[in-house]
S.K.: 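Below is a structure I'd like to ask you about.
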Amino acid sequence: MPLTEQVKQSILVANSLLPQDIDRVMSTLLSAPVDAADIYFQSSHFESWSLEGGIVKEGSHSIEHGAGVRVVSGDKTGFAYSDRIELPILLEAASNVKAIVRQGQHAQHSIQTAQNWPQLYRPLNPLSSLADQDKIDLLKRVDAETRKLDSRIEEVMVSLVAAYDNVLVANQDGSLQADVRPLVRMNVSVIMVENGRREQGSMGGGGRSDYSYFLEGDRAMDFAREAVRQAQINLQAEEAPAGNMTVVLGPGWPGILLHEAIGHGLEGDFNRKGTSAFSGRVGERVASDLCTVVDDGTLPGRRGSLSIDDEGTPTENTVLIENGILKGYMQDKLNARLMGVKPTGNGRRESYAHLPMPRMTNTYMLPGQSDPEEIIRSVKKGLYARNFGGGQVDITSGKFVFSASEAYLIENGKITRPVKGATLIGNGPDVLTKVSMVGNDMQLDSGVGTCGKEGQSVPVGVGQPTLKIDGMTVGGTSL
Amino acid sequence: MQNQDEIRRLKDVVQQLLDEAKQQGATAAEAAFSVDNGLSVSARLGDVETIEYHCDQGIGVTVYFGQKKGSASTNDVSADSLKETIKAACSIARYASEDEYAGLPDPALLATEFPDLDLNHPWDIDAEKAITLAIECENAARHFDKAISNSEGASVNSHQGTRVFGNSLGFLQGYQSSRHSISCSVLAGSGDSMQRDYWYSVARNPVLLESAQFVGEKAAKRTVARLNARSLSTRQCPVLFAPEMAAGLIGSLLGAISGTSLYRKSSFLLDSLDTQILPDFVRIHEQPLLIGGMGSASYDAEGVATNARDIVGNGILHSYILSTYSARKLGMQTTGNAGGVHNLTVESGQNDFAGMLKLLGTGLLVTELMGQGVNRVTGDYSRGASGFWVENGVIQYPVQEITIAGNLKTMLRNIVAIGSDVDLRGNIRVGSVLLEQMAIAGE
């Protein structure tokens, strides 16, 4: 496979490491009775450019590489890494980590390794996809054109970020799998002032592509216009109501609700350990029959997509909830083996210096039948939440929270006034059982999500159609 | 204890970087090199779960061509890579715009005294010993109460590092520091009524860590206390922030008076210098030179001397939190806070935690906050909370699935009392904080 050869060149050959060197490290790992072992090689290039106060005042560039060595025996893991990809260092790491393996553990067995999988993005280096001068010009053009959109704009901040990640996974069966992962992101935020009141608006997007993504169809200015629109709305927003009420969630990014309230609780590690509010509930009803939720790492070019996960397993479209019934969990190899199921391609890690664990890719709800306008019309009094900031969940109690960055009151079937500072809280295993209408307008988010778990950050995607939830607690200041 | 040979080795690399930057035409430069080594182990259900060996290093450089600036970093410290990294930074600087405020600090403000702050205490612990300790900690939690039903495990971490910083004004300094911790997280209850909580202890000197037994028992105690939590009806009531939560509240204040938020005009405390932002009994000061403190440092991320000073006195804001760049943007002088604050201390009042509960009387004690519902531009505050309902100073029952909301500007002004129950684990040292009233939303 040419891709594997390309990555071997950029990581192994560049560090004078030979194929037999990998075999030697692997033999050291396998000299104890382990269940699994892998070596993860990575080389990453990253850059960011940012504009503020009308000038491109900052840029940074970073190159990192290294290798992580792991053995797994039963539910025990030994792990070491180094930023020096050199044989003696890898051998030392290997002999250190296998100390985790004690007498009487499971015998080694070989695993099935997939040989072919679709490439979901082109192996591009986004950093070199645009001349530096053109990156600067893009930032300056967005700044100048954004300032023309509204005379109340006081400050514009624009950032451009690109990453180029080469990974190579050596598994215990001798297989070597490679992936080349481009990722770009752009963000525009504005501060607007009127009569002494100051509000912010922000929008961004990106995906596994190169900088040309932002030039297609004037995408960069679409972000800017949306940021300005949000700031304009915020300038008019009044205090949010507090209490329990019907909530309609808009399509797209509000799918962060699924990510927080449902997704984390369906990650394999928590369920193997029995620490999730969803533990042991496969086959049970956890949502109304209108709800089907998937985690799909196979969408071409999306921010949360991966051709293979960080353990070399091709990603899948995994059904988590089907017509309201819990179908399964997201798995990496370790948790899949211990739970007696197949890995689902959700084994992800922030870098070579972190251990993989089950993580989401793109998590979304499939479209339903209802016209979004009909959903709004059906609500006498409630909240329409169109955009969100971040969210958080306690996977054990199931309690979650997320903050609306754009929300409106619904009064007598009509969207009326914008409100600010609304926080939605609820209980993960409960919230989807209260979904009474699902829109036909499924949207994925624009490519801005970053998920944190146990201190590791990975890019993810979310999405959903318009949803009506009968009764959620809204935390505002207006009682 | 400082290993001068290791510091010297890193200094040589930083000097090479500065020389190379000059070679490549930079008019000024700064560079940092850090090396960290560590061990983390975790145990779950009485047996080891993971052993991780950490070994990280990184260099970062910033170069200036007149008023133009570029930065680059790498974890590859080979000679070729150092050259490439400088080249990348220089290339960015050439494309960046002229920024009249960019540049190294005023040489007169660079630190000249480097007292030993007693930050480095390597822990003589190997994986085997760390596992034993983690198991002991988790056992203490699991056997503390019959209600403990499951565990996320206990972990023991030990990290030690060296960092060196230099700039083309001739500043070149380094020091070693250590950080060790023990933590534990357990579950109680089952099915729909499961709860989880944790506790941790962290210290620069391992002998100052709370015992594994204590950490485990405290984690268990906190978890069991959360069982049978209910929601509250929507209401207004006084709120007591436990010390760990109060640190977050003070963190939001710091964000609003930090130079970057101020010059971007994205702060709810614009133009508030010399005005009353807190009740007049509140004093907040920075103590950068505390011996063994978690946030201690004699110089900041730019080499500027840190500055023991009052930030808030008698409730009046005396000083912003500034770096060289943000200070210049605001027409002021840096406060030695490039990279953040150092042992920010909120002066405590007379009451310990029990006394604070009495002062609260009837209201909400908040022990956990969730979500990012803090708007720094407007001060709007609305977050998910859990904790305890308190009546007449006595805890009645655990509470969850509620939000607390308000506006930080008024919340800060409405602080009624600050406790003496200071949490010393972080860089913000504050006791529990009682607010007169907040909006609670629930069932």
Side-chain angles (χ1 to χ4, degrees), chain A residues 52 55-66 75-83 93 96-97 99-100 132-133 136 154-155 191 198-200 242-244 273-275 277 353 355 389-392 394 396-397 399 401-403 420-423 425-427 429 473-477 479, chain B residues 47-57 69-76 81 85 88-89 91-92 95-99 102 127 150 152 187 192 194-196 234-236 264-266 370-373 375 377-378 380-384 386 400-407 439 441-443:
Chain A
E52 181 183 313
I55 59 171
V56 179
K57 59 175 220 184
E58 238 162 356
S60 70
H61 180 271
S62 146
I63 299 182
E64 296 212 343
H65 56 62
D75 61 356
K76 300 176 179 24
T77 301
F79 177 59
Y81 59 88
S82 172
D83 42 40
N96 273 336
V97 301
I100 190 98
D132 285 346
Q133 188 59 50
I136 306 293
E154 189 180 69
E155 178 63 289
I191 291 194
R198 190 174 297 279
E199 294 283 355
Q200 198 162 16
N244 200 280
K273 296 175 184 177
T275 59
L355 274 171
Q392 193 183 338
D394 176 334
T396 299
S397 68
K399 303 297 175 264
V401 54
F402 50 119
S403 312
K420 60 171 188 169
T423 293
I425 57 168
N427 182 28
T473 300
V474 178
T477 44
L479 303 191
Chain B
D47 202 356
V48 58
E49 188 176 41
T50 58
I51 303 177
E52 296 182 54
Y53 297 93
H54 301 274
C55 166
D56 296 287
Q57 60 177 355
K69 175 185 171 186
S71 303
S73 66
T74 183
N75 67 355
D76 179 354
S81 163
T85 303
S91 161
I92 287 170
Y95 286 103
S97 313
E98 295 272 344
D99 183 347
N150 199 347
E152 288 198 322
L187 283 73
D192 287 344
M194 271 197 305
Q195 294 289 346
R196 174 187 58 162
T234 300
R235 67 184 73 183
Q236 297 262 7
R264 286 183 179 157
K265 298 198 162 69
S266 58
M370 288 175 80
Q372 287 97 47
N375 184 331
V377 181
T378 59
D380 290 329
Y381 185 100
S382 173
R383 302 186 69 189
S386 44
Q400 66 181 8
E401 217 176 335
I402 57 166
T403 64
I404 58 172
N407 184 283
E443 280 184 353

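Protein chains get the first letters and strands the later ones, always in sequence-line order, with residue 1 at the start of each.
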S.K.: Look at A/Val97, A/Asn244, A/Ile191 and state which one has the largest set of heavy-atom pairs under 4.5 Å with chain B.
M.R.: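 Between A/Val97, A/Asn244, A/Ile191, the count favours A/Ile191.
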S.K.: Go through the atoms of B/Glu401 and report whether side chain, backbone, both or neither lie under 4.5 Å from a heavy atom of chain A.
M.R.: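 Both backbone and side chain.
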S.K.: Would you call A/Glu154-B/Lys265 a salt bridge at under 4.0 Å N-O?
M.R.: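 No, no charged N to carboxylate O under 4.0 Å.
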S.K.: Could you look at A/Phe402 and say if it's the side chain, the backbone, both or neither that has a heavy atom under 4.5 Å from chain B?
M.R.: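 Neither part.
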S.K.: Is it the side chain or the backbone of B/Asn75 that comes within 4.5 Å of chain A heavy atoms, both, or neither?
M.R.: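 Contact with chain A: backbone and side chain both.
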S.K.: Has A/Gln200 got a side-chain atom pairing as donor or acceptor with B/Ser266's backbone, closer than 3.5 angstrom?
M.R.: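 A pair under 3.5 Å: no.
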S.K.: What I want to find out is whether B/Arg264 reaches A/Glu155 closely enough, with some N-O distance under 4.0 Å, to be called a salt bridge.
M.R.: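 The answer is no: the pair does not qualify as a salt bridge.
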S.K.: Below 4.5 Å, heavy-atom pairs only: which of B/Thr85, B/Thr403, B/Thr378, B/Ile404 has the largest tally toward chain A?
M.R.: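 That would be B/Thr403.
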S.K.: B/Asp76 versus A/His65: any side-chain heavy-atom pair under 4.5 Å?
M.R.: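 The answer is yes, as the side chains (C-beta and beyond) meet within the 4.5 Å cut-off.
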S.K.: Would you mind checking which part of A/Ser60 comes under 4.5 Å of any heavy atom in chain B, side chain (CB onward), backbone (N, CA, C, O), both or neither?
M.R.: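 Both backbone and side chain.
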S.K.: A/Val401 and B/Met370: which non-hydrogen atoms are nearest, and at how many Å?
M.R.: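 Here A/Val401 and B/Met370 meet closest at CG1-CB, 3.1 Å.
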S.K.: Which atoms of A/Ile55 come close to chain B, meaning under 4.5 Å heavy atom to heavy atom: side chain ones, backbone ones, both, or neither?
M.R.: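 For A/Ile55, the contact with chain B is made by backbone and side chain together.
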S.K.: So, for A/Ile136 and B/Tyr95, which heavy atoms are closest and what is the spacing to 0.1 Å?
M.R.: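 That would be CD1-O, 3.7 Å.
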S.K.: Sort B/Ser91 into side chain, backbone, both or neither according to what part of it lies under 4.5 angstrom from a heavy atom of chain A.
M.R.: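 B/Ser91 touches chain A through side-chain heavy atoms alone.
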S.K.: Side chain, backbone, both or neither: which part of B/Asp99 has a non-hydrogen atom closer than 4.5 Å to chain A?
M.R.: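 Contact with chain A involves both backbone and side-chain atoms of B/Asp99.
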S.K.: Using 0.5 Å steps for rounding, measure from the OG1 atom of B/Thr50 to the NZ atom of A/Lys76.
M.R.: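 If I round to the nearest 0.5 Å, the distance is 11.0 Å.
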S.K.: A/Ala422, A/Gly421, A/Gly391: which one forms the most heavy-atom pairs within less than 4.5 Å of chain B?
M.R.: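 It is A/Gly391.
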S.K.: How about B/Lys69 and A/Glu58: do any of their side-chain heavy atoms sit closer than 4.5 Å?
M.R.: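 Yes, side chains in contact.
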S.K.: Within this structure, what is the CG-CD distance for the pair A/Asn96 and B/Glu52, rounded to the nearest 0.5 Å?
M.R.: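 Result: 13.5 Å between the selected atoms.
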S.K.: In Å and rounded to the nearest 0.5 Å, what is the CE to OG1 distance from B/Met194 to A/Thr396?
M.R.: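 Result: 5.5 Å between the selected atoms.
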S.K.: Of all the heavy-atom pairs spanning B/Ser382 and A/Gly475, show the shortest one and how long it is.
M.R.: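 Here B/Ser382 and A/Gly475 meet closest at OG-O, 2.7 Å.
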S.K.: If I compare all heavy atoms of A/Lys273 with all of B/Asn150, which pair ends up nearest, and what's the gap?
M.R.: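 Scanning both residues completely, I find the closest heavy atoms to be O-ND2, 2.6 Å.
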S.K.: Counting only heavy atoms closer than 4.5 Å, note whether B/Glu98 contacts chain A via side chain, backbone, both or neither.
M.R.: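 Backbone only.
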S.K.: Check whether B/Asn407 gets within reach of chain A through its side chain, its backbone, both or neither, counting any heavy atom under 4.5 Å.
M.R.: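 For B/Asn407, there is no contact with chain A at all, as no heavy atom is under 4.5 Å.
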S.K.: So do B/Ser71 and A/His61 actually touch side chain to side chain, heavy atoms under 4.5 Å?
M.R.: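 Not in contact.
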S.K.: Where on B/Thr234 is there a heavy atom nearer than 4.5 Å to chain A: the side chain, the backbone, both, or neither?
M.R.: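 The side chain, not the backbone.
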S.K.: Taking all non-hydrogen atoms of both residues into account, name the closest pair between A/Ser397 and B/Gln400 and its distance.
M.R.: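 That would be CB-OE1, 4.2 Å.
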S.K.: Pick from B/Gly373, B/Ala72, B/Gly70: which one has the most heavy-atom pairs with chain A under 4.5 Å?
M.R.: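 That would be B/Ala72.
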S.K.: Let me know if A/Ile63 has heavy atoms under 4.5 Å from chain B in its side chain, its backbone, both or neither.
M.R.: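 Interface part for A/Ile63: both.
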S.K.: I need the A/Phe79 CZ to B/Ile51 CD1 distance, nearest 0.5 Å.
M.R.: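 The CZ atom of A/Phe79 sits 13.0 Å away from the CD1 atom of B/Ile51.
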S.K.: Could you report the tightest heavy-atom contact between B/Arg196 and A/Asp394, atom names first, then the distance?
M.R.: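 It is NH2-OD1, 3.2 Å.
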S.K.: Kindly compute the distance separating OG (A/Ser403) from OH (B/Tyr381), expressed to the nearest 0.5 Å.
M.R.: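 Reported to 0.5 Å precision, the distance equals 10.5 Å.
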S.K.: Do A/Tyr81 and B/His54 have side chains that approach each other closer than 4.5 Å (heavy atoms only, starting at C-beta)?
M.R.: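 Yes, close enough: below the 4.5 Å cut-off.
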S.K.: For chain A, find which of B/Ser386, B/Ser81, B/Ala89, B/Gly384 contributes the most heavy-atom pairs closer than 4.5 angstrom.
M.R.: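 Sorted descending by pairs with chain A, the first entry is B/Gly384.
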S.K.: Below 4.5 Å, heavy-atom pairs only: which of B/Gln57, B/Arg383, B/Glu443 has the largest tally toward chain A?
M.R.: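 So the answer, after comparing B/Gln57, B/Arg383, B/Glu443, is B/Gln57.
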S.K.: Which of the residues B/Ala439, B/Ser97, B/Ala88, B/Ala441 is involved in the greatest number of heavy-atom pairs with chain A at under 4.5 angstrom?
M.R.: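 Most pairs with chain A among the choices: B/Ser97.
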